[in-house]
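If you're wondering where the values come from, they're calculated on a predicted model, not measured in any experiment. To find a chain, count down the sequence lines: A is the first, B the second, and so on, and within it residues start at 1.
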Protein chains: 2
Amino acid sequence: MTGDFLAIGELGRRTDTKVETIRYYERIGLLAAPRRTAGNYRAYGAEHLIRLSFIRRSRDLGFSLDQVRALLDLADQRDRSCDAVDAIAKEHRAEVDRKIADLRALRRELDSMIDQCRCGTVADCRIIEALSPQAQLRPR
Amino acid sequence: MTGDFLAIGELGRRTDTKVETIRYYERIGLLAAPRRTAGNYRAYGAEHLIRLSFIRRSRDLGFSLDQVRALLDLADQRDRSCDAVDAIAKEHRAEVDRKIADLRALRRELDSMIDQCRCGTVADCRIIEALSPQAQLRPR
DNA sequence: TATGGACCCTGTAGCAACTATAGGGTCAAG
DNA sequence: CTTGACCCTATAGTTGCTACAGGGTCCATA
């Protein structure tokens, strides 16, 4: 009785998504609940496959679930201007830029910390030292 | 009765740490439980300030709590070789490098996606299109 | 027809690393 | 003696899943 639908495992294989994750997306209302078979199995159609693929691709590009939700909503309003889509993507790009900048600053700090290590004993380890800000008990 | 100790709020102010976070660090065994005042307030000493400063600085540099725990343990064994410290720092740096590379790849993808947007209607939005992988119902 | 194994179901708890809330107690100043 | 800032515990929420436990379903093979 292999009908014209996908079982959850097959949908997962096609979209590279764990079964639990698909159920999770349903639970939080990101992926519509599909109809069920007589045995209470979820029976997915092409529309679910398309939808989940969209979700996965968006997640791969680092969009948050809230952003994905917004993108899905927008994608459905076919005659609207796509300015809002553009805005979400640009905001996300800005966020990625911030993260890259932060990580590069971090990387520089780690680098100079590691460079100074003469690999003696912990007592005069420059790394430990760099991690120990001069704390003082009396107020600043 | 402002004695020779810090209340949790003051410790938080000095280390830029939320009060809840300090209690959380205590609960997970990262920061030693301090003695208590008669009124059951936590009474922190200089050693706690130093310890928490170390933790915060490490966290700022992106070390995980597990890594911080390891670094703290090592920092206490003053006569050991600091190779292990070096190893943790280098492993972390490698991790940061991986993240930067991932984000840069991501940024490139987002860029080309956004570049293609002509800002018409959603129906022919290149961003939505780029997010919609050609899914097919029949197996690959 | 029985049975084994792969699949599916629900519900709940766990992960990192906090953050927030409820519902109270303590303390010092005015 | 009251007000308000601070502190206490305990518990639940956050994000985005992941991992059970304890069952039910389906289908092929012996």
- Spacing of F5(A) atom CZ relative to dC7(C) atom P, expressed in whole Å: 15 Å
- Task: Would you mind classifying the nucleic acid contact of Y25(B) as base, sugar-phosphate or nothing, using non-hydrogen atoms under 4.0 angstrom?
- Result: sugar-phosphate
- Message: Nearest whole Å is fine: how far is dG14(C) P from I28(B) CD1?
- Response: 16 Å
- Query: Can a salt bridge be assigned to the pair E109(A) and R57(B) using a cut-off of 4.0 Å between side-chain N and carboxylate O?
  - Reply: yes
- Which listed nucleotide (dC8(C), dT21(C), dC17(D)) is nearest to the side chain of V19(A)? dC8(C)
- Message: On the nucleotide dA16(C), are OP1 or OP2 found under 4.0 Å from the side-chain N or O atoms that R59(B) carries?
- Response: no
- Task: For S64(A), answer base if it contacts any base atom (sugar-phosphate contacts may also be present), sugar-phosphate if it contacts only those atoms, and nothing otherwise; contact means non-hydrogen atoms under 4.0 Å.
- Result: sugar-phosphate
- When rounded to whole Å, the CG to C1' distance for the pair N40(A) and dC7(C) reads 14 Å
- Query: Within this structure, what is the CD1-to-P distance between I8(A) and dC26(D), rounded to whole angstrom?
  - Reply: 16 Å
- Is D111(B) salt-bridged to R93(A), going by a charged N under 4.0 Å from an acidic O? yes
- Task: Let me know the distance between CD1 of I22(A) and P of dC17(D), rounded to the nearest Å.
- Result: 12 Å
- Query: So, T15(B) and R56(B): side-chain donor and acceptor under 3.5 Å apart, yes or no?
  - Reply: no
- Return no unless some side-chain N or O of R42(B) is found under 4.0 Å from OP1 or OP2 of dC7(D). no
- Item | Distance-only donor-acceptor test, Y41(A) side-chain atoms vs dG24(D) base atoms, 3.5 Å | yes
- Message: When you measure from the side-chain N and O atoms of R27(B) to the phosphate of dC18(C), is any distance below 4.0 Å, counting only OP1 and OP2?
- Response: no
- Item | Whole-Å distance separating the CZ atom of F63(A) from the P atom of dT15(D) | 18 Å
- Reckon T37(B) has a side-chain N or O less than 4.0 Å from the OP1 or OP2 of dT26(C)? no
- Between dA16(C) atom C1' and E95(B) atom CD, what is the distance in whole Å? 14 Å
- Determine the contact category for R23(A): base if any of its heavy atoms lies under 4.0 Å from a base atom, sugar-phosphate if only primed atoms, P, OP1 or OP2 are that close, otherwise nothing. base
- Message: Side chain of Y24(A), heavy atoms from C-beta onward: which of dT21(C), dT18(D), dC9(C) has the nearest atom to it?
- Response: dT18(D)
- Taking atom C1' of dC17(D) as reference, at what distance in whole Å does atom CD1 of I55(A) sit? 14 Å
- Task: Please tell me if the side chains of Y44(B) and L49(B) come closer than 4.5 Å, counting only heavy atoms from C-beta onward.
- Result: no
- Query: Should we say atom CZ of R126(B) is surrounded by more than 12 heavy atoms from elsewhere, each under 6.0 Å from it?
  - Reply: no
- Message: Between R36(B) and K18(A), which residue's closest nucleotide on DNA chain D lies nearer the 5′ terminus?
- Response: R36(B)
